[in-house]
Asker: 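Could you have a look at this structure, given as structure tokens, before my questions?
The sequence lines fix the lettering, A, B, ..., with proteins before strands; numbering per chain opens at 1. Please read these numbers as outputs of a predicted model, since none were measured by experiment.
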2 protein chains.
Amino acid sequence: MTEQPQRRTTRQRTAIREFLSGAGDFRTAQQIHEQLRAGGDPIGLATVYRTLQTMAEAGDVDMVRTADGESAYRRCTTSGHHHHLVCRSCGRTEEIMAKVVEAWAATIAAEHGFTNVTHDVELYGLCASCGARTVT
Amino acid sequence: MTEQPQRRTTRQRTAIREFLSGAGDFRTAQQIHEQLRAGGDPIGLATVYRTLQTMAEAGDVDMVRTADGESAYRRCTTSGHHHHLVCRSCGRTEEIMAKVVEAWAATIAAEHGFTNVTHDVELYGLCASCGARTVT
DNA sequence: GTCTTCATGAGAATGATTATCGATCACAAT
DNA sequence: ATTGTGATCGATAATCATTCTCATGAAGAC
């Protein structure tokens with residue numbers, strides 16, 4: 001049904017994949033583009049967007065929206081459904097599994113007669129090191 | 001510290017507030033602007049954005065991001081912190097309180113050494129009537 | 001090597017949101 | 001009712017992330 005067009009292995013796609021693997025946390029398309037170029041890897045911005053989108057659909061990367069509405073991508077170490085705890089200051093990210101939340105979501109949905117329910121759950125905070133640095 | 005400038009009651013602000021009260025579910029700034037004008041209420045787009053932002057900060061309205069990154073606003077009936085269960089098809093929205101989630105978030109945060117934690121939790125699904133209409 | 005087709009990328013286009021800044025209006029005091 | 005003052009408005013220009021266009025380049029099949 002979903003006819004997947006063939007995926008080719010190009011220098012650019014490899015570069016993006018490796019960059020994300022090395023990064024660990026979330027990066028925006030703009031950042032990836034800029035940093036790849038700075039690192040001597042000529043690549044077009046459009047390509048970065050296209051590739052990230054494709055990877056996100058394929059489940060190779062995770063996507064979240066930053067507070068100002070930009071999309072940020074990250075290589076998933078955990079496959080399957082999970083959530084994130086992101087440091088508001090340095091961007092460090094922890095992947096989280098939460099059976100509690102899944103269960104809760106399912107219950108609530110049922111209570112209200114909703115079906116086919118998905119959810120977005122993201123936690124934002126200050127990680128240990130950033131928190132220590134910031135004197136409130 | 002946070003010196004709030006005085007808030008004046010203008011025709012435009014009233015119009016927006018009333019529009020949202022009547023709407024019930026989420027509307028984007030663009031929609032609000034367009035519909036208010038269509039309804040014979042001259043108002044500037046900039047004003048709509050400014051007002052919505054102010055109202056959101058004051059907690060008078062709720063803000064969520066749509067899938068394509070637009071901001072949508074809604075008059076809150078529940079004051080204080082809460083989440084939403086939004087119908088993917090018709091936009092109907094239920095407000096939800098979830099102590100479980102709050103507690104879970106706090107726990108996770110602590111476990112990972114994060115402080116100052118906030119969270120975004122939104123559920124999307126098909127409401128009873130839309131679900132019935134959609135034959136999978 | 002050749003061919004077919006997908007991928008690339010520079011730049012233009014889109015579209016939401018924000019900034020600008022003089023004109024206007026709300027409102028407290030006269 | 002009039003006035004003074006600063007908040008507010010709004011048309012429009014400016015931003016900025018993201019998407020589109022389409023001619024050129026490269027992958028993979030044979």
Asker: If you group Ile, Leu, Val, Met, Phe, Trp and Tyr by side-chain heavy-atom gaps below 4.5 Å, do A/Leu36 and A/Tyr73 land in one group?
Answerer: yes

Asker: Please work out if A/Thr10 contacts a base, only the sugar-phosphate, or nothing of the nucleic acid, heavy-atom cut-off 4.0 Å.
Answerer: sugar-phosphate

Asker: Considering only D/dC20, D/dT18, C/dA19, which nucleotide approaches the side chain of A/Ala46 most closely?
Answerer: D/dC20

Asker: Using whole Å, what does the distance between atom P of nucleotide D/dT19 and atom CD of B/Glu70 come to?
Answerer: 13 Å

Asker: Does B/Arg50 make a side-chain donor-acceptor contact with the base of D/dG10, cut-off 3.5 Å?
Answerer: yes

Asker: Looking at B/Asp60 and B/Arg17, does any basic side-chain N land under 4.0 Å from a carboxylate oxygen?
Answerer: yes

Asker: Would you mind classifying the nucleic acid contact of B/Ile43 as base, sugar-phosphate or nothing, using non-hydrogen atoms under 4.0 angstrom?
Answerer: sugar-phosphate

Asker: Under 4.0 Å from OP1 or OP2 of C/dT8: is there any side-chain N or O of A/Arg13 that close?
Answerer: yes

Asker: Do B/Glu94 and B/His82 have side-chain atoms, one donor and one acceptor, less than 3.5 Å apart?
Answerer: no

Asker: Within the 4.0 Å heavy-atom criterion, would you say A/Arg37 contacts the bases, only the backbone, or no part of the nucleic acid?
Answerer: sugar-phosphate

Asker: Side-chain N or O of A/Thr9 less than 4.0 angstrom from OP1 or OP2 on D/dG28?
Answerer: yes

Asker: Would you say A/Tyr49 places a side-chain N or O within less than 4.0 Å of OP1 or OP2 belonging to D/dT19?
Answerer: no

Asker: Could you tell me whether the side chain of B/Arg8 has a donor or acceptor atom within less than 3.5 Å of a complementary atom in the base of C/dC27?
Answerer: no

Asker: Does OP1 or OP2 of D/dG10 have a side-chain N or O of B/Gln12 closer than 4.0 Å?
Answerer: yes

Asker: Would you kindly confirm whether A/Val121 and B/Leu85 end up in one hydrophobic cluster when ILVMFWY residues are joined by side chain heavy atoms under 4.5 Å apart?
Answerer: yes

Asker: Could you state the atom-to-atom distance from CZ of B/Arg7 to C1' of C/dC25 in whole Å?
Answerer: 18 Å

Asker: Students often get this wrong, so: under 4.0 angstrom with heavy atoms, is A/Gln31 touching a base, only sugar-phosphate, or nothing?
Answerer: nothing

Asker: Would one find a side-chain N or O of A/Ser71 under 4.0 angstrom from OP1 or OP2 of D/dA17?
Answerer: no

Asker: Take atom CG of B/Leu52 and atom P of D/dT8, then tell me their distance rounded to the nearest Å.
Answerer: 15 Å

Asker: Please tell me if B/Arg11 has a side-chain N or O lying less than 4.0 Å from either OP1 or OP2 of D/dG10.
Answerer: yes

Asker: Can you confirm whether the side chains of A/Arg7 and A/Thr54 place a donor and an acceptor under 3.5 Å from each other?
Answerer: no

